[in-house]
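Just so we're on the same page: letters track the sequence lines, and every chain starts at 1.
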2 protein chains.
Amino acid sequence: MTFPVVGMVGGGQLARMTHEAGIPLGIRFKLLSDTPQDSAAQVVSDVVVGDYRDLDTLRDFARGCDVITFDHEHVPTEHLRALEADGIPVRPGPDALVHAQDKGVMRARLDAIGVPCPRHRIVSDPEDVAAFAGEGDGFPVVLKTVRGGYDGKGVWVVRSAAEAEDPFRAGVPVLAEEKVDFVRELAANVVRSPHGQAVAYPVVESRQVNGVCDTVIAPAPDLPAERALQAEQLALNIAKELDVIGHLAVELFETRDGRILVNELAMRPHNSGHWSQDGAITSQFANHVRAVLDLPLGDPRPRAKWTVMVNVLGGDYPDMYSAYLHCMARDPQLKIHMYGKDVKVGRKVGHVNTYGDDLADVLDRARHAAAYLRGTITE
Amino acid sequence: MTFPVVGMVGGGQLARMTHEAGIPLGIRFKLLSDTPQDSAAQVVSDVVVGDYRDLDTLRDFARGCDVITFDHEHVPTEHLRALEADGIPVRPGPDALVHAQDKGVMRARLDAIGVPCPRHRIVSDPEDVAAFAGEGDGFPVVLKTVRGGYDGKGVWVVRSAAEAEDPFRAGVPVLAEEKVDFVRELAANVVRSPHGQAVAYPVVESRQVNGVCDTVIAPAPDLPAERALQAEQLALNIAKELDVIGHLAVELFETRDGRILVNELAMRPHNSGHWSQDGAITSQFANHVRAVLDLPLGDPRPRAKWTVMVNVLGGDYPDMYSAYLHCMARDPQLKIHMYGKDVKVGRKVGHVNTYGDDLADVLDRARHAAAYLRGTITE
């Protein structure tokens, strides 16, 4: 059969789970991985070990791929343009992906298309940060390097100009943003294909701990229908305006005064969509594959009233196997997703999904399993 | 992390789908495949290409595996005993597996434990077949070679002694069985682990076309609760008595006079359990992995009122990709499972699952998709 080959750059858990979702689709999956031990490299047949920052490596990898897509946003934009010039479809393309790579470009573009964002501007030094604070409600101010940050890295909350030295040390432009008085964080996940079909997953609530995603509840509890629709349409609009192909996650703040502001964009399967593996008719991973191949998209609707995802972080115990056995025995309905990673304190090594009709029960089961796997509880 | 390595012998679609189910479990999967192009070899990282009939090959493969399990029943019993003598856990073990390898041994054992079977005995030649017919209701009689048959191969329905020559040509013992006057075929799927935990999937109806499984409906429509329970208990009892570890499929005849008779046994994930990938809380593949690793088993209960599986057989069109695209566009809820196999007429190259509340609709959607993929309908 002439089923296509999807090449994915990056060997992390997103590639691992994309491969898993691609197996029933019958597509061939090719991986460019930093090492043979990476999460995805452990489970994929066709692995090239190499450096995604090297254009020759990317070109060699792309040969024989029908499309190139990504586990992360770190491939240099000029390399993606070179691949496109070679005739390789790159999805999302460099003109879209730059908005997930550079927060300055992203903010400027969202402003231009009228998407509500926190107050922001590029700042040049600590004094300029103080000026930015003075233009609004004062400190605290959020500072972000425009490139290279994730999971809370590259982000500072500062209360004075004196605290604002660090972000400027890297020599990367720094974006200042108001510290939004939000009630909670939401995420709107959508998938868009080259022929313009798009689907929206239900808007979820995302809870962070120390800047890292901890819990996702699908759908977001007590979210008024019109606000959910507003968030979905906002994400669909961003996908269209930025010509995103594949999965787009739009991280949102829901403010105390009822507004929805865009926090971050990610153009790949996203932690806020992991619940869809067990909670939606079609998972974000399957739909990402379908989108980058320009196949018709699958139904994103939920299969359960409530689905909860809780991340499993590494704790003090390097061997999770006995905890994992305990969790399976305690809850035969629990869906565990392990990434094959060595345990390091605070590292995402897996997640659990639970679903059902009673949110309190579903939340409790997921939290218990994640805490038990991490080792923070022992019964 | 010290997660275990599951070694699977055989590179067919069952191994492919077992690997898929093992990815979220975080286990390592190692494959012994006949060729690098086999269905599972396309998607597994750690593949050994070799001949499972060769003991040295098996021994080399087993090194580094924590347990050995199977995609098929063709590994010689004496080789499995040799692996066990080397200290490798083989699950199911040779003493169990022989009942799925040899229909004569299976019938004798089921008789001994009181499991209802069609009338049967080993026959020596065509005259003996006529004698067997005369001992019961006469012809037709079903003849089966005791080893090597599957999907209707190695099975003959004969109407006279003169028609009974062929089965004896292979030099393999031949089992004669009454041709059961059945209303329909059912299958009872159960999974059992070394510490004796066992779970039963709902009993399904299985429809064959030309001796090949065509459609499975879960649960079996209009099956009285007490007969369903009887079938589940029969399968659980066989698993226990034969010390089966892993998945056991018991193919059953439901007779016109309301009895349940055992047709065949399979000790591996089975075509009659494919519906569980999208229709049960835990799939047969995930539970097979959990069982052979002696992990607690997952919940086998259905997630939908009705789930239907229809096999996709190869037709006249070697390239299914455009048909596959059409099916996705027509039914965004359709779950397609392709095996990565070249299309040959009549070959199982995939299956589709559908689920929902309305059986007629669920059946129609699955049948339409399978027929469209095969090319027997074009709209």
Side-chain angles (χ1 to χ4, degrees), chain A residues 1-4 16-17 19-29 36 41-47 197 199 277-278 281-282 290 293-301 303-304 318-321 324-343 349-350 355, chain B residues 1-4 16-17 19-29 36 41-47 197 199 277-278 281-282 290 293-301 303-304 318-321 324-343 349-350 355:
Chain A
M1 282 202 238
T2 59
F3 276 48
R16 180 183 176 102
M17 294 185 279
H19 173 55
E20 178 193 341
I23 292 174
L25 292 172
I27 57 129
R28 302 275 181 142
F29 193 82
Q42 295 170 21
V43 299
V44 171
S45 169
D46 193 355
V47 180
Q197 190 194 6
V199 295
Q277 294 175 302
D278 300 299
I281 295 172
T282 312
R290 288 164 77 146
L293 290 172
D294 208 10
L295 287 165
L297 301 178
D299 194 329
R301 285 178 299 169
R303 287 193 71 173
D319 184 358
M320 282 190 180
Y321 196 71
Y324 160 94
L325 196 148
H326 169 92
C327 290
M328 287 186 182
R330 186 180 193 268
D331 184 357
Q333 295 175 52
L334 181 71
K335 309 307 284 187
I336 304 184
H337 298 263
M338 301 303 291
Y339 306 155
K341 290 179 166 184
D342 288 335
V343 171
V349 296
Y355 54 83
Chain B
M1 280 201 238
T2 59
F3 276 48
R16 180 183 176 101
M17 295 186 277
H19 173 56
E20 179 193 342
I23 292 174
L25 293 172
I27 57 128
R28 303 274 182 142
F29 193 81
Q42 295 170 21
V43 299
V44 171
S45 169
D46 193 355
V47 180
Q197 189 193 4
V199 295
Q277 293 175 301
D278 300 298
I281 296 172
T282 313
R290 287 163 78 146
L293 289 171
D294 207 10
L295 286 165
L297 301 178
D299 194 328
R301 284 178 299 168
R303 286 193 73 174
D319 185 359
M320 283 191 180
Y321 196 70
Y324 160 92
L325 195 149
H326 170 94
C327 290
M328 287 187 182
R330 186 179 192 268
D331 184 357
Q333 296 174 53
L334 181 72
K335 309 307 283 187
I336 304 184
H337 298 262
M338 301 302 292
Y339 306 155
K341 290 179 165 183
D342 288 333
V343 170
V349 295
Y355 54 83

Open item on the list: Can you tell me which portion of B:Leu297 sits under 4.5 Å from chain A's heavy atoms? Options are side chain, backbone, both or neither.
Closed with: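 For B:Leu297, the contact with chain A is made by the backbone alone.
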
TODO: Counting only heavy atoms closer than 4.5 Å, note whether B:Arg301 contacts chain A via side chain, backbone, both or neither.
DONE: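 It is the side chain, since no backbone atom gets that close.
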
Between [options], the one whose heavy-atom pairs under 4.5 Å with chain A are most numerous:
options	result
B:Lys335, B:Arg330, B:Arg290	B:Arg290
B:Gly26, B:Ala329, B:Cys327, B:Ser45	B:Ser45
B:Asp331, B:Val44, B:Ile27, B:Val47	B:Val44

- [ ] Find the one option among A:Met328, A:Gln333, A:Arg303 whose heavy-atom pairs under 4.5 Å with chain B are most numerous.
- [x]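 That would be A:Arg303.
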
Task: Among A:Ala304, A:Pro4, A:Gly350, A:Ala41, residue most engaged with chain B (heavy-atom pairs, under 4.5 Å) - done: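 Heavy-atom pair counts peak at A:Pro4.
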
- [ ] Sort A:Ala21 into side chain, backbone, both or neither according to what part of it lies under 4.5 angstrom from a heavy atom of chain B.
- [x]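 No part of A:Ala21 comes within 4.5 Å of chain B.
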
Task: Pairwise side-chain contact, B:Tyr321 with A:Leu293, heavy-atom cut-off 4.5 Å (strictly under) - done: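 Answer yes - side chains close enough.
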
Task: A:Ile281 side chain near B:Tyr355 side chain, heavy-atom distance below 4.5 Å - done: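 Contact flag for A:Ile281/B:Tyr355 side chains = yes.
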
TODO: Can you spot which of B:Glu20, B:Arg16, B:Met338 makes a side-chain contact (heavy atoms from CB on, under 4.5 Å) with A:Pro24?
DONE: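 Exactly one candidate clears the test, B:Glu20.
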
Task: Between OG1 on residue B:Thr282 and CG on residue A:Leu334, distance to nearest 0.5 Å - done: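 Output value for this atom pair is 9.5 Å.
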
TODO: For side chain to side chain contact (heavy atoms under 4.5 Å, CB included), just list the numbers for B:Ile23 and A:Ile23, CA-CA rounded to whole Å, side-chain angles, deciding distance to a tenth of an Å, and then say yes or no.
DONE: CA-CA 11 Å; B:Ile23 292 174; A:Ile23 292 174; 4.1 Å; yes

Would you confirm whether [X], through its side chain, and [Y], through its main-chain N or O, come within 3.5 Å as a donor-acceptor pair?
X	Y	result
A:Arg28	B:Gln42	no
A:His19	B:Val43	yes
A:Tyr324	B:Leu25	yes

